[in-house]
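Read through the structure below, which is laid out as structure tokens, and then see the notes.
We name chains A, B, ... by the order of the sequence lines, and we start the count at 1 in each one.
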There are 4 protein chains.
Amino acid sequence: MPDNPQKEQPRRRQARGERRIAQLLEAAASVFCSTGYTAASTNAIAREAGVSPGTLYQFFPNKEAIAIELGDRLMHEMRETYGEALAPVDPATPLETAVGAAIDRFIAFNCDHPVFFALMHGPDIPGRMAEEHDALHATLLSRIQDLLSSFLPDAPDAELTRTAQMCLGVYKAGLELILGHEGAERDAYVRELKAVLIRYLEPLVGDRLGIAPGATAGNTP
Amino acid sequence: MPDNPQKEQPRRRQARGERRIAQLLEAAASVFCSTGYTAASTNAIAREAGVSPGTLYQFFPNKEAIAIELGDRLMHEMRETYGEALAPVDPATPLETAVGAAIDRFIAFNCDHPVFFALMHGPDIPGRMAEEHDALHATLLSRIQDLLSSFLPDAPDAELTRTAQMCLGVYKAGLELILGHEGAERDAYVRELKAVLIRYLEPLVGDRLGIAPGATAGNTP
Amino acid sequence: MPDNPQKEQPRRRQARGERRIAQLLEAAASVFCSTGYTAASTNAIAREAGVSPGTLYQFFPNKEAIAIELGDRLMHEMRETYGEALAPVDPATPLETAVGAAIDRFIAFNCDHPVFFALMHGPDIPGRMAEEHDALHATLLSRIQDLLSSFLPDAPDAELTRTAQMCLGVYKAGLELILGHEGAERDAYVRELKAVLIRYLEPLVGDRLGIAPGATAGNTP
Amino acid sequence: MPDNPQKEQPRRRQARGERRIAQLLEAAASVFCSTGYTAASTNAIAREAGVSPGTLYQFFPNKEAIAIELGDRLMHEMRETYGEALAPVDPATPLETAVGAAIDRFIAFNCDHPVFFALMHGPDIPGRMAEEHDALHATLLSRIQDLLSSFLPDAPDAELTRTAQMCLGVYKAGLELILGHEGAERDAYVRELKAVLIRYLEPLVGDRLGIAPGATAGNTP
DNA sequence: GATGAATGAGGATTCATTCAT
DNA sequence: TATGAATGAATCCTCATTCAT
């Protein structure tokens, strides 16, 4: 005798439903890719999935929820594909190798799942991240932070976060350029992105080992 | 009824028109800032400007044109404010100084004209830059390229472009973080952005002079 | 697997069906109460009942049918609770007593079954009573008419009907006010409603007995 | 340079706009009458008015606003037609005459403006009056209260309100019956309604003059 | 019986743009 | 020029009802 209609029932789903959800997410991915997240309409997604709008709303309360679920599944798949870490945590690994590998993996993943880029696209107004992007962003951020912390175990948390934010931002920017080009040009941008990140992180890591890699770029005087 | 209607009316009309345009652009800037470019509606802009939608369309054929004109004027003002170059072209200037100054100027300009960020926001779909952003992007790019070329006179054009694209991308990413924070945190992000760019460019410049990179890139003089 | 499937299964099925129906009606009552009949959705009723929409339609062909059945059961329960008559039919009973008792009962019933009000709510368009309300209305009307006829045995049928309609209408109006208030205010409205009806009926009844009306109907003791 | 888009500008309107508004309100009245307020859709109203949905929304932010404006205009017209008072305020006027006249006027007004009934229709859930009906209800209530206070100058305010609420409720109920019938039957219901109200009010007024109209009708023995 | 999936027309509302005055 | 009116397709979302399993 439930009095509270609000309460989320765990909703037993049928196999057909699961298939529909997958189909809808696929359609959403396709639409997000071709029009961008903001311009994508739920009707367009339903149409692309070959179902009626009502069906879409049986599984998702709104566009945001679709994006969130899509992001969740993507992160899940990323984890399954590449394991918990994006790169070897062995601090002995040269930074260049680690970063290079991480970027290669990220890029490969992005090319396999082009919707990733659309979902990663930041807020139109700085500081006002919508929930749909926030979850994805936060997850990515924490993965990057984990990766960094293995190289910078002594860095204070705030700094680590800042560095991770910077890296993610730079990565997104680089990705945009990479995806916007093809062939040799694309490869060149990949190299460029790696260069930016490696050079950014190198001095920080160097500090860690007590190696003065030449001086550089600390935050503190 | 002015003394000399023949001569003055046409002028007046234009003067009034100019005022209208300025008024509309100001309103557009305000609306773009508070809702983002995509979500901004022409009706909202007209309302904000205190004119009717019809009036808006008397001066601009569509929303895109408003953004383009706004971008043009911003670039123009930038040029007027900071001169043709964003930084001293003297190649003797240490890179750190030059980049630091350029970024400081860019950021100052952005804070004075917050709409700049809204207009700079990249394409939702990589490779498909809308015309409204394209013009601004191209202009910025070429200014950066100019700046770079004074440091890297021997670099091939394609490489220069690539580096400029990278710099611009990184700058946008950094700006987003900067604008998304306040106070000390914001300052920290400013330092971080400078670090990323300086470290990225250092080796390129160093190569040029045969100097082993290894100096540079602190925040404090 | 029961011992005697032949005999018990059919029964069981019906028993289960009855339970389902009761469950659905209870849910419907709850939803009708909280949103009103018009705004109530069959999906919401099914959800509230903890069953699927399909199940609901196994027992009721449409929303209307639910309301009708609910109304029927309410009338049935009313009869069971208060007997065939709403008040003693003894014409010797003072009108005041009879009417007061009838109203008290009606109100008590309404408070026990708040959905009653939702179902009683008249037609949005005069003269076009929907079937769902019509049945309930007709039943109530005839009960009131019966009650009246014991006091006005000589009144022509048309007049009796008219008086009954008036009484029912007034009662509904009063009920709305009563339910819309609480505590002492509510009690005051109950007294007011009784006053209206008693004063309305008094002369009619008085006529019957040749008594010059002149007793009764103040608000204050 | 208005910063606040919320602020309601007084909106200079053109003559055409005024005509459209009138046309839309007329259409709304028609639709409210034929389907009831709740079931009426803005699209249907626009269609009835022969304009596009967008046009409707140029003048009204939503359905509620249409109802409110319609109600306002009706009350305005009522005042213009019948003057500030619904009936002579002369306390010497026999109650019967005054009430009879007031009801006749109300009914005449309702017959001229059948939408009045649709707008008067109370809340689906007692106590939760929607804004659109509330305004109309409050206005009517206060007019009735004014009328009553000329007959019951000594009654405390709370009682006056209660009596007015009762009268309004009874009136609505009666109106429903009246509009639901025609010809002689309708007339009979008009008489009946008058009887209810006059008999309800008579003792109250009688008290005022120190005339014991016979005693009572209290709740308690 | 029971379930959840599916429907699709219809709901309110918005918006870039055009038009008559 | 300037205005406010007008458009109509498109937006998101809901709901009574039916269907396959």
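Note that the NE2 atom of D:His76 and the CD atom of D:Glu69 stand 10.5 Å from one another [nearest 0.5 Å]. Considering CG of D:Leu24 and OG1 of D:Thr55, their distance stands at 7.5 Å, rounded to 0.5 Å.
Each of C:His121, C:Glu132, C:Lys63 was evaluated against C:Tyr37; a single residue qualifies, C:Glu132, per the side chain to side chain donor-acceptor pair (under 3.5 Å) test.
C:Asn62 places its CG atom 5 Å from the P atom of F:dT17, with the value rounded to the nearest Å. Going from atom CD of C:Gln23 over to atom P of E:dG1 covers 13 Å, rounded to whole Å. Note: NZ (C:Lys63) to C1' (F:dA16) measures 8 Å, nearest angstrom. When the P atom of F:dA2 is taken as reference, atom CZ of B:Arg19 falls 10 Å away, rounded to whole Å. Between C:Leu56 atom CG and F:dC15 atom P there is a gap of 14 Å when expressed in whole angstrom units. In this entry the distance linking CD of D:Glu18 with P of F:dA6 reads 12 Å, nearest Å. A:Gln58 has its CD atom 16 Å from the P atom of F:dT18, to the nearest Å. At whole-Å resolution of the value, CD1 in D:Ile21 and C1' in F:dA6 are 14 Å apart.
For DNA chain E, each stem of at least three Watson-Crick or G-U pairs (distances under 3.5 Å) is given as range with range: E:2-21 with F:2-21.
Counting any heavy atom pair closer than 4.0 Å across all strands shown, D:Phe60 reaches no nucleic acid atom.
When distances are taken from the side chain of D:Arg16 to each of E:dA5, F:dC12, F:dG4, the shortest belongs to F:dG4.
Side-chain atoms of D:Ser34 come within 3.5 Å of backbone atoms of D:Ser30 as a donor-acceptor pair (strictly under, hydrogens ignored). Between the B:His133 side chain and the B:Leu119 main chain, a donor and an acceptor come within less than 3.5 Å of each other. Formation of a donor-acceptor pair under 3.5 Å by the A:His137 side chain with backbone atoms of A:Glu131 is not found in this model. Side chain of A:Thr35 to backbone of A:Val31: a donor-acceptor contact under 3.5 angstrom is found.
With DNA chain F read from its 5' end, the first of the two nearest nucleotides for A:Tyr57 and C:Glu64 is the one closest to A:Tyr57. The residue among B:Pro61 and A:Phe59 whose nearest nucleotide of DNA chain E lies closer to the 5′ end is A:Phe59.
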**OP:** Before giving the answer on side chain to side chain contact (heavy atoms under 4.5 Å, CB included), spell out for A:Arg73 and A:Ile21 the whole-Å C-alpha distance, their side-chain angles and the decisive distance to 0.1 Å.
**Re:** CA-CA 12 Å; A:Arg73 298 208 174 187; A:Ile21 288 178; 3.6 Å; yes
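Of the residues in residues 33-55 of chain D, those lying under 4.0 Å from DNA chain F by heavy-atom distance are D:Val51, D:Ser52, D:Gly54, D:Thr55.
In the displayed structure, A:Glu26 atom CD is contacted under 6.0 Å by at most 12 heavy atoms of other residues, nucleotides or ligands.
Taking atom P on both nucleotides, F:dT21 is separated from E:dG1 by 22 Å, rounded to a whole Å.
Residue B:Arg20 places none of its side-chain N or O atoms closer than 4.0 Å to OP1 or OP2 of F:dT1.
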